[in-house]
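Before any comments, here is the structure.
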Amino acid sequence: MNLIKKILNENSHVHIHDDKRTYVEDIVQSLINDRRKMLHVVADFDFTLTIYEKNGIILPSTFGVIESNNRVKLPDGSLLAHKAEKLRSKYHPIEMDVQMDVSEKIPHMIEWWRTAQKLFVVSNLDKSLIRKLVEESTMELRKGVHEFIIDLLHSETPILIFSAGLGDVIEFFLEKEIPDFKHNHASSHIVSNFINYDNTGKLLSFNDRLIHTFNKNEHEISDTPYYQTILTRPNVILLGDSLGDVGMIGGMKNLKQILKIGYLNHSTPKKLEVYKNVYDIVICDDQTFDVPNAILKAIQE
Ligand code: MG7
Ligand code: MG
């Protein structure tokens with residue numbers, strides 16, 4: 001039996017659109033035939049590589065790690081958490097609105113990200129406090145992500161983490177969890193919103209090139225060492241949890257086989273229908289990386 005049939009037989013929470021079944025089986029077979037030397041991986045971070053829900057509690061995103069800690073204060077002594085929550089209650093419904101066009105949402109997203117970034121910059125945060133907050137946080141990799149990334153690094157299969165969250169939080173978190181993962185390296189790289197610090201570690205600003213939910217398709221990585229490595233690798237496994245995450249490969253050229261795996265957190269039948277149209281394989285409310293690991297294992301060196 002082929003791998004996809006086996007995965008579907010054994011996992012009732014894994015879904016593929018009926019019309020795409022053969023197509024997905026063929027893509028996976030091509031990835032297997034082409035082996036590791038043709039492959040690279042692009043993954044979203046928040047709630048794709050990290051756990052969404054544990055024991056009924058939603059775990060923090062990269063923003064949440066910083067915001068939800070009451071040591072982080074604004075100049076007037078108030079909690080950053082309060083202001084951040086106000087922003088979230090205004091903008092998150094716009095992000096999620098299924099009636100509104102993406103083009104209409106984008107100015108609001110830019111406003112949200114830029115306002116949140118300004119609050120970070122004027123708060124009492126510095127580089128060492130951010131490191132501490134990451135250490136204290138309850139953010140957690142999905143079970144099997146460590147194994148997945150170590151497997152990629154050992155076989156020199158490139159992995160790009162592409163996040164609209166906070167790059168610094170990702171970098172500090174991975175230094176602790178997966179020390180072999182190196183940012184801005186030929187076979188591992190993070191594209192995200194990074195902070196510029198002064199020489200005392202105070203926050204100065206964020207990167208000019210903002211990454212939000214709906215512009216992941218506009219980012220090119222041609223000026224990084226990572227880019228050279230993927231030029232000769234036309235096959236990609238994309239991993240995401242938001243609908244905008246499929247845009248992560250938008251700036252990449254000469255791709256051949258593309259397998260899109262989507263984590264649907266907090267699934268409903270209606271969302272599942274939409275996800276099945278956008279992603280090749282949809283994994284519902286599963287806090288493990290068992291399915292991506294099974295596919296990666298089948299693609300040998
Ligand atoms: N997201 C975007 N912004 C914020 C923020 O300031 N605070 C919190 N808590 N969440 C934010 O990783 C990308 C996701 O982060 C959320 C500016 C958005 O919902 C986005 O999908
Ligand atoms: Mg995400």
Side-chain angles (χ1 to χ4, degrees), residues 42-53 58-70 72 74 79-98 100 102 105-123 125 130 133-134 137-142 145 160-171 173 190-195 203 206-207 210-217 219 238-248 260-267 271 275 278-279 282-283 285-287 289 292:
V42 181
D44 167 59
F45 185 77
D46 285 317
F47 307 138
T48 296
L49 297 182
T50 63
I51 293 180
Y52 175 68
E53 185 179 347
I58 312 283
L59 296 192
S61 66
T62 51
F63 283 106
V65 165
I66 306 295
E67 278 171 15
S68 57
N69 196 301
N70 59 17
V72 188
L74 291 170
L79 295 180
L80 172 71
H82 287 158
K83 268 267 173 59
E85 187 44 44
K86 264 198 194 142
L87 291 176
R88 209 181 124 76
S89 60
K90 175 177 173 190
Y91 292 108
H92 192 248
I94 301 175
E95 181 183 16
M96 294 301 161
D97 191 331
V98 287
M100 197 188 284
V102 166
K105 294 179 181 197
I106 286 176
H108 297 286
M109 295 303 105
I110 294 172
E111 200 173 77
W112 183 14
W113 260 256
R114 288 301 186 204
T115 312
Q117 291 181 344
K118 275 187 201 133
L119 292 178
F120 276 54
V121 170
V122 300
S123 74
L125 285 167
I130 291 178
L133 299 180
V134 172
S137 84
T138 54
M139 189 161 76
E140 198 178 320
L141 294 173
R142 285 183 200 270
V145 166
L160 174 69
I161 295 177
F162 198 146
S163 170
L166 298 169
D168 299 72
V169 171
I170 298 173
E171 197 178 349
F173 181 74
I190 304 167
V191 172
S192 187
N193 300 301
F194 280 95
I195 299 167
L203 278 67
F206 275 80
N207 271 3
L210 180 71
I211 302 171
H212 57 73
T213 324
F214 302 111
N215 72 350
K216 283 191 164 183
N217 56 330
H219 288 265
L238 176 148
L239 295 143
D241 78 297
S242 300
L243 295 172
D245 289 334
V246 293
M248 295 188 293
K260 298 175 189 158
I261 304 177
Y263 274 89
L264 175 48
N265 301 312
H266 202 83
S267 69
K271 281 199 249 173
Y275 270 64
V278 169
Y279 283 103
V282 182
I283 307 169
D285 299 298
D286 175 350
Q287 307 306 328
F289 235 52

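Values below: all heavy atoms of this structure, side chains included; hydrogens, waters and symmetry mates excluded. Counting from 1, the numbers follow the sequence of the chain as shown. Order of listing sets the numbers, starting from 1, for every ligand and every atom in it.
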Within 45 degrees of the axis of the six-membered ring of Tyr263 and under 6.0 Å from its centre: does Arg142 put its NZ or CZ there? yes

If you measure from atom 16 (C) of ligand 1 to every heavy atom of Phe214, Trp112, Phe120, which option wins on shortest distance? Trp112

Just go through Ser192, Ala164, Ser163, Ser242 and tell me whose heavy atom is the nearest to atom 13 (C) of ligand 1. Ala164

Answer side chain, backbone, both or neither: which part of His212 comes under 4.0 Å from ligand 1, heavy atoms only. neither

Below a 4.0 angstrom heavy-atom separation, can you tell me which part of Phe63, side chain or backbone, both or neither, approaches ligand 1? side chain

Apply the test side chain to side chain contact (heavy atoms under 4.5 Å, CB included) to residues Leu49 and Phe289: give CA-CA distance (whole Å), side-chain angles for both, the deciding distance (0.1 Å), then the verdict. CA-CA 8 Å; Leu49 297 182; Phe289 235 52; 3.7 Å; yes

Is it true that Asp46 lies under 4.0 Å from ligand 1, counting heavy atoms only? yes

Any side-chain heavy-atom pair of [X] and [Y] under 4.5 Å:
X      : Y      : value
Lys90  : Trp112 : no
His212 : Ile106 : yes
Leu210 : Gln117 : yes

Metal site the Mg ion (ligand 2): N/O/S of Asp46 inside 2.8 Å: yes

The atoms of ligand 1 lying under 4.0 Å from a heavy atom of Ala116, numbered in the order shown, are 6 (O)

Within a distance under 4.0 Å of any heavy atom of Gly165, pick out the atoms of ligand 1 and give their elements. 12 (O)

Shortest protein heavy-atom distance from [atom], along with the residue and atom involved:
atom                    : result
atom 14 (C) of ligand 1 : Trp113 CZ2, 4.4 Å
atom 21 (O) of ligand 1 : Glu95 OE2, 2.5 Å
atom 5 (C) of ligand 1  : Glu67 OE2, 3.2 Å

Stepwise side chain to side chain contact (heavy atoms under 4.5 Å, CB included) test for Thr62 and Phe173: CA-CA 9 Å; Thr62 51; Phe173 181 74; over 6 Å; no

About how many Å separate CD1 of Ile66 and CD1 of Ile130, when rounded to the nearest 0.5 Å? 5.0 Å

Using the six-membered ring wherever Trp is involved, compare the ring planes of Tyr91 and His108 and label them parallel, tilted or perpendicular (cut-offs 30° and 60°). tilted

Per residue Asp44, nearest N, O or S atom to the Mg ion (ligand 2) is named OD2

The atom of Asp241 among N, O or S that is nearest the Mg ion (ligand 2) is OD1

Side-chain donor/acceptor of Lys216 to backbone N/O of Phe162, under 3.5 Å: yes

